[in-house]
Amino acid sequence: LITEMLDVAGIGAGTLAMDSQPVRVAAAVREAMTLIAPQADARGMTVSGPASGDPSLAVAADPRRLRQVLLNLLGNAVKYGRPGGRIDIEVAARDGQVALAVRDDGPGLSEEAQGRLFRPFERIEQTARGVEGTGLGLALSKRLVEAMGGAIGVDTRPGEGARFWFRLPAATAAPLAEHPRQAPEPRQAGAHRLLLVEDNASNRALVATVLERNPGWQLVQTTCLAEARAELAVHAFDLILLDLHLPDGDGLELLQWRRDAGRPLPPVLVLSADATPQARERALRAGAAGMLTKPLDLRQFHAEIARCVQ
């Protein structure tokens, strides 16, 4: 909630930085589907992407913000769609723009409700009752899309589901970004490079906000084991901040992977909401240098990082 409020305020004040670059749409959609899959599976829902399309199709966007918009729309489709139902992602290119849409088979919305959808803290009573949320996701998505030079809207009628769509400028510059996230910057002189492996966007934003105030810590963010392995294969890191529950496996598999490959691993701090002694013992036995529980105690967080990178 705090992160979303800061983002909305930053856009309104013109202080939220945007790193526009060509981003491959197919890669962005695949990542978003992977991240939303656990929530959809919990409700017995099927998420389907475009049947076919140009794999080189790209939009001019901030990779992190594009992911944030897609996850907001998909998250809403999971929360408000019919249990056991279907969510479809559509992609179409036309007139120098690329349109992406998320369609659900939920209850749909009246014209009056549609007029309130993209306002901060607005929640539609007939659909939001009993559903967790802040009422900021769509308002933030609207501002992010518009800040990237696009437009967003919804097609819906009561009883017929909803189709949320947004359009962004098609990218013409090359090369195209392979992943919908920023490539790691070159190591700064004297800086410690930290690798964050965390699939929750809010948790990533919190860690990034805390660390950006210290120029001696350079953060690279990944969202799953596959991305983390790719980074570790080509870059050196001084510390890994590792979530346990990732969309493609148990976070501790990363420690075993490096041992099997015969390559040393930098110190690993496990970040987990599981505060049980058994979870801590399992992490330490696997080779972690320490474990911090969520929500993070920021004083302890700083102290543990300083201990591990000395």
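Numbers here simply count residues along the sequence, with the first being 1. What's counted below: heavy atoms across the whole structure, side chains too, no hydrogens, waters or symmetry copies. Nothing here was measured: the structure is a model prediction, and the numbers come from that model.
Here the shortest heavy-atom pairing between Ala288 and Leu255 reads N-CD2, 3.6 Å. When all heavy atoms are compared, the tightest approach of Ala283 to Val270 is CB-CG2, 4.0 Å. For the residue pair Leu70 and Ala28, the shortest heavy atom distance occurs at CD1-O, 3.9 Å. Of all non-hydrogen atoms in Leu242 and Gly251, the two that sit nearest each other are CD2-O, 3.2 Å. The two residues Pro63 and Val23 have their closest heavy-atom pair at CG-CG2, 3.8 Å. Scanning all heavy atoms of the two residues, the minimum distance from Asp248 to Ala226 falls at OD2-N, 3.0 Å.
By the 4.5 Å heavy-atom criterion applied to side chains, Met148 and Asp62 are counted as neighbours. No side-chain heavy atom of Val102 sits under 4.5 Å from any side-chain heavy atom of Asp88. Here the side chains of Leu109 and Arg157 are not in contact, with every heavy-atom distance at 4.5 Å or above. The shortest distance between side-chain heavy atoms of Leu292 and Asp297 does not fall below 4.5 Å. With a 4.5 Å cut-off on side-chain heavy atoms, Val210 and Leu298 count as touching. His192 has its side chain out of reach of Gln218: every pair of non-hydrogen atoms, C-beta onward, lies at least 4.5 Å apart. Counting only heavy atoms from C-beta outward, the side chains of Leu284 and Arg280 approach each other to under 4.5 Å. Contact annotation: the side chain of Met33 approaches that of Ile89 to within less than 4.5 Å [non-hydrogen atoms, C-beta and beyond].
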*asked:* Test side-chain contact (heavy atoms from CB on, under 4.5 Å) on Leu194 and Ile305; report intermediate values, then the result.
replied: CA-CA 9 Å; Leu194 281 63; Ile305 289 179; 4.1 Å; yes

Step-by-step side-chain contact (heavy atoms from CB on, under 4.5 Å) determination, Leu168 to Leu66
CA-CA 10 Å; Leu168 291 171; Leu66 173 58; 4.0 Å; yes

Requested in this report: Tell me, with the steps shown, if Glu146 and Arg143 meet salt bridge (charged side-chain N to carboxylate O under 4.0 Å, His left out).
Outcome: CA-CA 5 Å; Glu146 291 174 348; Arg143 285 156 173 77; over 6 Å; no

Test Arg282 against Asp274 for salt bridge (charged side-chain N to carboxylate O under 4.0 Å, His left out), laying out the working first.
-> CA-CA 11 Å; Arg282 188 171 76 92; Asp274 187 348; over 6 Å; no

Worksheet entry | Derivation and outcome, side-chain contact (heavy atoms from CB on, under 4.5 Å), residues Thr222 and Leu195 | CA-CA 7 Å; Thr222 58; Leu195 177 66; 3.8 Å; yes

Set out, in order, the CA-CA distance, both residues' side-chain angles and the distance that settles salt bridge (charged side-chain N to carboxylate O under 4.0 Å, His left out) for Arg193 and Asp238, then state yes or no. CA-CA 5 Å; Arg193 191 192 291 275; Asp238 300 295; over 6 Å; no

Apply salt bridge (charged side-chain N to carboxylate O under 4.0 Å, His left out) to residues Lys294 and Glu198 and explain how you reach the verdict.
CA-CA 12 Å; Lys294 304 173 186 176; Glu198 168 65 75; 2.7 Å; yes

(message) side-chain contact (heavy atoms from CB on, under 4.5 Å), that's the test. Do Arg24 and Val59 meet it? Break it down for me.
(response) CA-CA 7 Å; Arg24 286 185 178 173; Val59 291; over 6 Å; no

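Under the 3.5 Å distance criterion, the side-chain polar atoms of Asp105 are left unmatched by any main-chain donor or acceptor of Gly161. In terms of modelled atom types and a separation under 3.5 Å, the side chain of Arg94 and the main chain of Ala99 share no donor-acceptor contact.
Here the CD1 atom belonging to Ile36 is positioned 9.5 Å from the CE atom belonging to Met45, to the nearest 0.5 angstrom. With rounding to the nearest 0.5 angstrom, the CG atom of Leu196 is 10.5 Å from the CD1 atom of Ile240. Rounding to the nearest 0.5 angstrom, the gap separating the CZ atom in Arg64 from the OG1 atom in Thr223 is 13.0 Å. To the nearest 0.5 angstrom, Thr293 atom OG1 is 6.5 Å from Gln300 atom CD. Atom CG in Asp243 sits 6.5 Å away from atom OG in Ser272 (nearest 0.5 Å). Once rounded to the nearest 0.5 Å, the distance linking OG1 of Thr34 with CG of Asp199 reads 11.0 Å.
Looking only at atom types and distance, the side chain of Thr156 has no donor-acceptor partner in the side chain of Arg163 under 3.5 Å away.
Cluster membership check: Leu100 does not share its hydrophobic cluster with Leu35, using side-chain heavy-atom separations under 4.5 Å among Ile, Leu, Val, Met, Phe, Trp and Tyr. Hydrophobic clustering, with ILVMFWY side chains joined whenever heavy atoms are under 4.5 angstrom apart, groups Leu239 together with Leu296. Following chains of ILVMFWY side-chain contacts shorter than 4.5 Å, one can reach Phe164 starting from Val98, so the two form part of one hydrophobic cluster. Note: the hydrophobic cluster containing Leu71 does not contain Val25 (ILVMFWY, side chain heavy atoms under 4.5 Å, direct or indirect links). Trp165 and Leu138 are not part of a single hydrophobic cluster, where members link through side-chain heavy atoms under 4.5 Å apart.
Residue pairs meeting the ring-ring contact (aromatic ring centres under 6.0 Å, His included) criterion with at least one member in residues 23-48, sequence neighbours excluded, do not occur. Each ring-ring contact (aromatic ring centres under 6.0 Å, His included) pair with one or both residues in residues 274-306, not counting sequence neighbours, appears once here: Trp217-His302.
Counting heavy atoms of neighbouring residues, nucleotides and ligands inside a 6.0 Å radius, atom CZ of Arg43 exceeds 12 of them.
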